[in-house]
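Read the structure below first, then the notes.
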Amino acid sequence: MQKTLSIIKPDGVSKKLIGEVICVFESAGFRIAAMKMKWLNRAEAEGFYYVHRERPFFPELVDFMTSGPVVLMVLEGDDVIKRNREIMGATDPAEAKAGTIRARWAGSKQNNIVHGSDSEESAKFEISHFFSGIEIF
Ligand code: ATP
Ligand code: MG
């Protein structure tokens, strides 16, 4: 069964959307295989978004991701990487399809409530960035 890393970003936590987002995932049939709440430090956020290190928005993205606690989850299901990205909606909430998490709750292109791995390769890297094998059930 495929796995993906999901993050409820600091805006999702501060807007009290943890329960809503988990409800969306479980209603979609995803199984939560691991979960923890964590306040990321700069090194953890920079390492996580390493692929974006040259982008102009990188410093602000790291500021945002370290601005408060996040909820880290490993989701499991058939084709969960792609299905989770569909459920999340486009990066920019203005472009996200109606009913998606970002269309419903995101405030901006940066403050967009959730993260989801975008490929099998990134899922593997991202899961191992935050979880050890014995934390995944
Ligand atoms: P994520 O990787 O968080 O799931 P994504 O894959 O939809 O989101 P990416 O292109 O990987 O989008 O960008 C990573 C994150 O960086 C975005 O979710 C958003 O928080 C932020 N970001 C992306 N593009 C911009 C931008 N132009 N301005 C500000 N922030 C941005
Ligand atoms: Mg991405």
Side-chain angles (χ1 to χ4, degrees):
M1 198 77 88
Q2 195 176 57
K3 289 188 176 65
T4 194
L5 185 87
S6 170
I7 304 180
I8 304 176
K9 297 182 181 185
D11 56 332
V13 174
S14 66
K15 285 173 151 174
K16 300 194 176 76
L17 292 170
I18 296 171
E20 295 273 15
V21 171
I22 289 174
C23 185
V24 169
F25 292 155
E26 291 197 322
S27 301
F30 302 160
R31 187 179 75 82
I32 298 173
M35 178 159 70
K36 62 181 151 193
M37 196 170 197
K38 191 168 167 44
W39 194 320
L40 304 184
N41 63 36
R42 288 197 83 79
E44 287 164 337
E46 284 170 1
F48 179 74
Y49 276 128
Y50 181 75
V51 293
H52 296 311
R53 67 196 176 284
E54 310 288 358
R55 308 279 283 275
F57 60 79
F58 184 73
E60 281 156 56
L61 176 59
V62 173
D63 288 345
F64 166 57
M65 290 301 288
T66 58
S67 66
V70 299
V71 175
L72 305 164
M73 280 176 275
V74 177
L75 306 177
E76 186 184 68
D78 284 327
D79 206 17
V80 70
I81 295 173
K82 188 167 139 239
R83 287 172 58 214
N84 180 44
R85 300 271 303 176
E86 284 166 6
I87 285 170
M88 287 162 52
T91 311
D92 184 344
E95 289 163 19
K97 278 193 199 142
T100 60
I101 291 172
R102 285 165 167 171
R104 290 172 78 182
W105 294 303
S108 69
K109 196 167 181 180
Q110 176 185 264
N111 296 24
N112 59 6
I113 310 288
V114 280
H115 161 83
S117 308
D118 62 7
S119 66
E120 293 216 22
E121 193 189 5
S122 62
K124 205 173 163 199
F125 164 76
E126 291 173 1
I127 290 168
S128 67
H129 193 69
F130 291 122
F131 291 95
S132 65
I134 57 163
E135 293 175 309
I136 301 167
F137 303 103

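Numbering of ligands and ligand atoms starts at 1, following listing order. What's counted below: heavy atoms across the whole structure, side chains too, no hydrogens, waters or symmetry copies.
Among residue pairs with one or both ends in residues 57-111, those qualifying as ring pair (Phe, Tyr, Trp, His ring centres under 6.0 Å) are H52-F57; sequence neighbours excluded.
Residue contacts with ligand 1 for M65 are absent, since no atom lies close enough (heavy atoms, distance under 4.0 Å). If you look at R102 next to ligand 1, the close heavy atoms, those under 4.0 Å, all belong to the side chain. With a heavy-atom cut-off of 4.0 Å, T91 touches ligand 1 through backbone and side chain alike. When heavy-atom distances to ligand 1 are checked against a 4.0 Å cut-off, V51 has no atom that comes that close, whether in backbone or side chain. Only the side chain of H52 comes within 4.0 Å of ligand 1, judged by heavy-atom distances.
Residue G116 approaches ligand 1 through these ligand atoms, each under 4.0 Å from one of its heavy atoms: 4 (O). When each atom of ligand 1 is checked for a heavy atom of R85 under 4.0 Å away, the hits are 4 (O), 5 (P), 6 (O), 7 (O). Interface of N112 with ligand 1, defined as ligand atoms under 4.0 Å from a residue heavy atom, comprises 17 (C), 18 (O), 19 (C), 20 (O). Under a 4.0 Å criterion applied to the non-hydrogen atoms of M88, ligand 1 contributes the atoms 4 (O). For ligand 1, the atoms lying closer than 4.0 Å to a non-hydrogen atom of K109 are 19 (C), 20 (O), 24 (N), 26 (C), 27 (N). Close approach of ligand 1 to K9 is summarised as follows: ligand atoms under 4.0 Å from at least one heavy atom of the residue are 3 (O), 17 (C), 18 (O), 20 (O).
When the ring pair (Phe, Tyr, Trp, His ring centres under 6.0 Å) test is applied to Y50, no partner is found at least two apart in sequence or on another chain.
Taking only non-hydrogen atoms, the option from F48, F58, Y49, F57 nearest to atom 3 (O) of ligand 1 is Y49.
For E95 and K109, the salt-bridge test fails: no basic side-chain N is under 4.0 Å from an acidic carboxylate O. Under the 4.0 Å criterion applied to side-chain N and carboxylate O atoms, R42 and D63 are assigned as salt-bridge partners. At a threshold of 4.0 Å, the pair E135-K36 counts as salt-bridged, since one of the basic side-chain nitrogens sits closer than that to a carboxylate oxygen.
A centroid separation of 6.0 Å or more is found between the aromatic rings of F125 and F48.
Two residues are said to be in side-chain contact when any heavy atoms from C-beta on lie closer than 4.5 Å; M1 and V80 fail this criterion.
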